[in-house]
K.L.:
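Have a look at this one.
These numbers were taken from a predicted model, which means no experiment stands behind them. Atoms considered below: every heavy atom in the structure, side chains included; atoms not considered: hydrogens, waters and symmetry mates.
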Amino acid sequence: MIATNLAVRFLLEVAGLAALAYAGTQVADGAWGWVLAAVLPAAMIAVWARVAAPKARTGLSQETRQRLGSGILLLAAVALAIAGAPGLAVAYAVAVVVNTVLLGVLGANDTLAAVEAVAR
């Protein structure tokens, strides 16, 4: 069950990138839309790698990084709403929250910590 939720988390992360790219094309016209479609996901990747990735060297606990990651994903939901897709934004936000709760309840933080220890 934990592996399934971790896989869902990964898919939510990829969907967050797609949501930000879509939002970029919707909030600006022409070339600026395409620029935003590239810059917004790139910014998410940069922030994610710095503070939320399992191998991020921040001194934060895995649980804290997971919550920060959920916050980043919820910002992608906000971007969807701003882009004119409020229904999709709500569905995405609910999926992120449910996944975050399930990962916490099922002890995925312990699993991620173990994976991180083995990777070192």
Side-chain angles (χ1 to χ4, degrees):
M1 187 71 159
I2 291 174
T4 301
N5 279 305
L6 290 173
V8 169
R9 177 62 168 218
F10 174 73
L11 294 175
L12 289 169
E13 293 165 10
V14 173
L17 295 172
L20 289 172
Y22 171 77
T25 63
Q26 298 303 304
V27 299
D29 294 327
W32 284 113
W34 289 105
V35 169
L36 283 177
V39 169
L40 291 176
M44 178 182 159
I45 291 168
V47 171
W48 191 278
R50 181 71 179 114
V51 299
K55 292 187 180 182
R57 297 186 186 268
T58 61
L60 300 173
S61 70
Q62 181 60 39
E63 183 178 347
T64 301
R65 288 195 308 253
Q66 184 183 59
R67 289 181 181 161
L68 286 171
S70 295
I72 293 167
L73 295 179
L74 291 173
L75 288 175
V78 170
L80 277 175
I82 291 170
L88 189 57
V90 169
Y92 179 71
V94 167
V96 168
V97 170
V98 168
N99 179 257
T100 302
V101 169
L102 287 175
L103 287 175
V105 169
L106 296 174
N109 293 322
D110 298 332
T111 301
L112 288 171
V115 169
E116 186 178 89
V118 170
R120 290 182 185 175

K.L.:
Please identify each residue that fulfils side-chain hydrogen bond (donor to acceptor under 3.5 Å, both in side chains) with Thr64, with sequence neighbours left out.
P.N.:
Ser61
K.L.:
So which pairs with a foot in residues 4-17 pass salt bridge (charged side-chain N to carboxylate O under 4.0 Å, His left out), sequence neighbours left out?
P.N.:
Arg9-Glu13
K.L.:
Between Trp48 and Leu60, is there shared hydrophobic-cluster membership here, with clusters defined by ILVMFWY side-chain heavy atoms closer than 4.5 Å?
P.N.:
yes
K.L.:
What's in the same ILVMFWY side-chain cluster as Trp34, cut-off under 4.5 Å, chained through other members?
P.N.:
none
K.L.:
What side-chain donor-acceptor pairs closer than 3.5 Å can you find for residues 76-84, not counting sequence neighbours?
P.N.:
none

K.L.:
Quick test of your reading: applying salt bridge (charged side-chain N to carboxylate O under 4.0 Å, His left out), list the pairs with at least one residue in residues 26-50, sequence neighbours left out, ordered by first then second residue.
P.N.:
none
K.L.:
Applying side-chain contact (heavy atoms from CB on, under 4.5 Å) to Leu73 and Met44, what does each step give before you reach the verdict?
P.N.:
CA-CA 9 Å; Leu73 295 179; Met44 178 182 159; 3.5 Å; yes
K.L.:
Are Trp32 and Val39 connected in the hydrophobic side-chain network, where two residues link if heavy atoms are under 4.5 Å apart?
P.N.:
yes
K.L.:
Run the side-chain donor-acceptor check on residues 17-27: report pairs under 3.5 Å with partners two or more places apart or on a different chain.
P.N.:
| residue | atom | partner | partner atom | Å |
| --- | --- | --- | --- | --- |
| Thr25 | OG1 | Tyr22 | O | 2.7 |

K.L.:
So, Asn99 side chain and Leu12 main chain: donor-acceptor pair closer than 3.5 Å or not?
P.N.:
no
K.L.:
Does Leu74 belong to the same Ile/Leu/Val/Met/Phe/Trp/Tyr cluster as Leu88, with side-chain heavy atoms less than 4.5 Å apart forming each link?
P.N.:
yes
K.L.:
Could you tell me which non-hydrogen atom of Ala38 sits nearest to which non-hydrogen atom of Pro41, and how far apart they are?
P.N.:
O-CD, 3.5 Å
K.L.:
Taking atom CG of Leu75 and atom OG of Ser70, what is their separation to the nearest 0.5 Å?
P.N.:
11.0 Å
K.L.:
Closer than 3.5 angstrom, by distance alone: can the side chain of Arg65 be matched with the main-chain N or O of Val51 as a donor-acceptor pair?
P.N.:
no
K.L.:
Could you state whether Val97 and Ile72 fall into the same hydrophobic cluster, counting links through intermediate Ile, Leu, Val, Met, Phe, Trp or Tyr residues with side-chain heavy atoms under 4.5 angstrom apart?
P.N.:
yes
